[in-house]
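In this chain, residues are counted from 1 in sequence order. In listed order, ligands and their atoms are each counted from 1. None of the values given here were measured: they were computed from a predicted structure.
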Amino acid sequence: METSAGGAAPLVLVDRREATAFVTMNRAHAANALSKGLVADLERAFAALAADVKHQPGELRAVVLTGAGDKAFCAGADLKERRAMTLDETWGFLDELNRLVNAVATFPRPVIAAINGAAFGGGLELALACDLRVAADTAEVGLTEVRLGIIPGAGGTQRLARIAGIAAAKELILTGRRIGAARALALGIVSEVVAGRALAEAATRLAGEVAAAGPLATAAAKRAIDGGAALPLADGLALEAACYEEVLASEDRNEGLAAFAEKRPPAFKGK
Ligand code: COA
C-alpha cells in the first residue's frame, strides 16, 4: 500500500489556522485519486480532528477539505490500484471508503468542501458528505460510475438525491455525465462558485462565518438536519427539540444573550 511513511510526501496535509482545520488530499500527480493509503490517512486525519473536538470543544469549529493542485479535487477511486484488486479486496476498499465518508458526514463540526477541480465518483461522494460545498469556476463534477459498469458505492445515489433531488440525481447518475461548476450551482450541489484563485479565500471566509457561531449550536443543527432528513416530520421535529434542549443548557447560550445585550461579539467556549 502506498504510504506517506519513510520520508515520502504526506498523502494528507492538515493545517490549523485559528478555529479552522484545512485538510488537503495530497496526490496531485494522480488527480488526488483515492488510493487505499489516501483513504486510510484521511480517516486518521478526521479521527484525530474529532478527538481534538472532544477534548477542546471550543477550539476547532470548521474543517475545509480540498485537493492539492489546480486540476482535481479528487478523481474518485484509484482505478489503477482497483485493477489489481480481487473482488474481496474491492469490498474491503469500499468498506474503508464508506467509513471515511461517514466520518466526514458525522464529523462533530461543519465540514466544507472546497472543490478546486475535477470531483468524480468517490471524489464527489466525499464532497457530498460535507455540509457545504464551494467550487472553482473550472471545477467539474460527476458520478461517472455507470460509465465503468458500476454504480456509486459510497453514498452517492442517496446523498445526491437528497441534495439535488431525485430528477437531477437520475440525470447525473444514469448518464454518468460530467457537469461544470455553473450547472452544479444551479442544481444546488454547490452553494458558491468563484474564480480558482479566489477559492481558498472563499472557503476561508465561509469557515470563518461558521466558526464565529456557537460550536455546540452548529454541531447540534447539523445533527438535527442530517438526522431528520429521512424521518417523518413529527419525528424530525422531536429530534430538533432534543438538539435544542442540548444547546439550551449550554454556557454558550447564556454568552450569546449576554453578548447581544452588551453589544459585543460573543466569546463562545463550546460548553
Ligand atoms: N485513478 C487513478 N489514477 C488517476 C485517476 C483515477 N481515478 N484519475 C486520474 N488519474 C491519473 C492519470 O492516469 C494520470 O496519471 P499518469 O500521469 O500516470 O497518466 C494523472 O492522474 C493525471 O491525470 P490526467 O488525466 O493526465 O490529468 P488531467 O488534468 O488531464 O485530467 C481528470 C484529470 C481527473 C479530469 C482525468 O484524469 C479523469 O477524468 N480521470 C478519471 C476520473 C474517473 O473516471 N474516476 C472514476 C470515477 S468512478
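Within 4.0 Å of atom 21 (O) of ligand 1, at least one protein heavy atom is present. Within the 4.0 Å cut-off (strictly below), no protein heavy atom is located near atom 32 (C) of ligand 1. The presence of a protein heavy atom under 4.0 Å from atom 10 (N) of ligand 1 is confirmed. Under the 4.0 Å distance rule, the nearest protein heavy atom to atom 27 (O) of ligand 1 falls outside the cut-off. Using a 4.0 Å threshold on non-hydrogen atoms, atom 13 (O) of ligand 1 counts as touching the protein. Put simply, atom 24 (P) of ligand 1 has no protein non-hydrogen atoms near it, under 4.0 Å away. Distances from atom 35 (C) of ligand 1 to the protein include at least one heavy-atom value under 4.0 Å.
Residues Leu13 and Phe22 form no side-chain contact, since every pair of their non-hydrogen atoms from C-beta on lies 4.5 Å or further apart. Contact check for Phe73 versus Leu65: side-chain heavy atoms found under the 4.5 Å cut-off. The shortest distance between side-chain heavy atoms of Lys269 and Asp252 falls below 4.5 Å. Considering only heavy atoms from C-beta on, Thr20 stays 4.5 Å or farther from Val63 through its side chain. Contact of the Lys71 side chain with the Asn32 side chain is not registered, since no non-hydrogen atoms from C-beta on lie closer than 4.5 Å. Side-chain contact between Arg205 and Glu192: present, with at least one pair of heavy atoms (C-beta onward) separated by less than 4.5 Å. Put simply, the side chain of Leu126 reaches to within 4.5 Å of the side chain of Val104, judged on heavy atoms. With contacts defined as side-chain heavy-atom distances shorter than 4.5 Å, the pair Thr66/Val23 does not qualify.
Heavy-atom proximity to Ala33, at under 4.0 Å, picks out these atoms of ligand 1: 1 (N), 2 (C), 6 (C), 7 (N). Set against the non-hydrogen atoms of Ala77, the atoms of ligand 1 under 4.0 Å away are 1 (N), 6 (C), 7 (N). Residue Asp78 approaches ligand 1 through these ligand atoms, each under 4.0 Å from one of its heavy atoms: 1 (N), 2 (C).
Ionic pairing of Asp131 and Arg109 is not present here: no N-O contact between side-chain nitrogen and carboxylate oxygen is shorter than 4.0 angstrom. Using a cutoff of 4.0 Å between basic side-chain nitrogens and carboxylate oxygens, Arg27 and Asp78 are scored as salt-bridged. Between Glu140 and Arg183 there is no salt bridge, since no side-chain nitrogen of the basic residue lies less than 4.0 Å from a carboxylate oxygen of the acidic one.
Only the side chain of Leu148 comes within contact range of ligand 1, with a heavy atom under 4.0 Å; no backbone atom does. Counting heavy atoms closer than 4.0 Å to ligand 1, residue Leu79 contributes atoms from both its backbone and its side chain. Within the 4.0 Å heavy-atom criterion, the part of His29 lying near ligand 1 is the backbone and not the side chain.
Rounded to the nearest 0.5 angstrom, Thr157 OG1 and Leu128 CG are separated by 10.5 Å.
Between Ala75, Ala31, Gly121, Gly76, it is Ala75 that holds the heavy atom closest to atom 45 (N) of ligand 1. The nearest non-hydrogen atom to atom 44 (O) of ligand 1, considering only Arg147, Arg178, Glu145, comes from Arg178.
For Glu81, the heavy-atom gap to ligand 1 stays at 4.0 angstrom or more. Residue contact annotation: Ala72 has no non-hydrogen atom under 4.0 Å from ligand 1.
The closest protein non-hydrogen atom to atom 4 (C) of ligand 1 is Ala30 O, 3.8 Å. When only non-hydrogen protein atoms are considered, atom 18 (O) of ligand 1 lies nearest to Lys80 NZ, 3.0 Å. Remark: minimum distance from atom 29 (O) of ligand 1 to any protein heavy atom is reached at Lys71 CD, 3.0 Å. Closest to atom 47 (C) of ligand 1, if we only count protein heavy atoms, is Thr144 OG1, 3.2 Å.
Residue Phe46 is not grouped with residue Val210 when hydrophobic side chains (ILVMFWY) are merged at heavy-atom distances under 4.5 angstrom, including chains of intermediate members.
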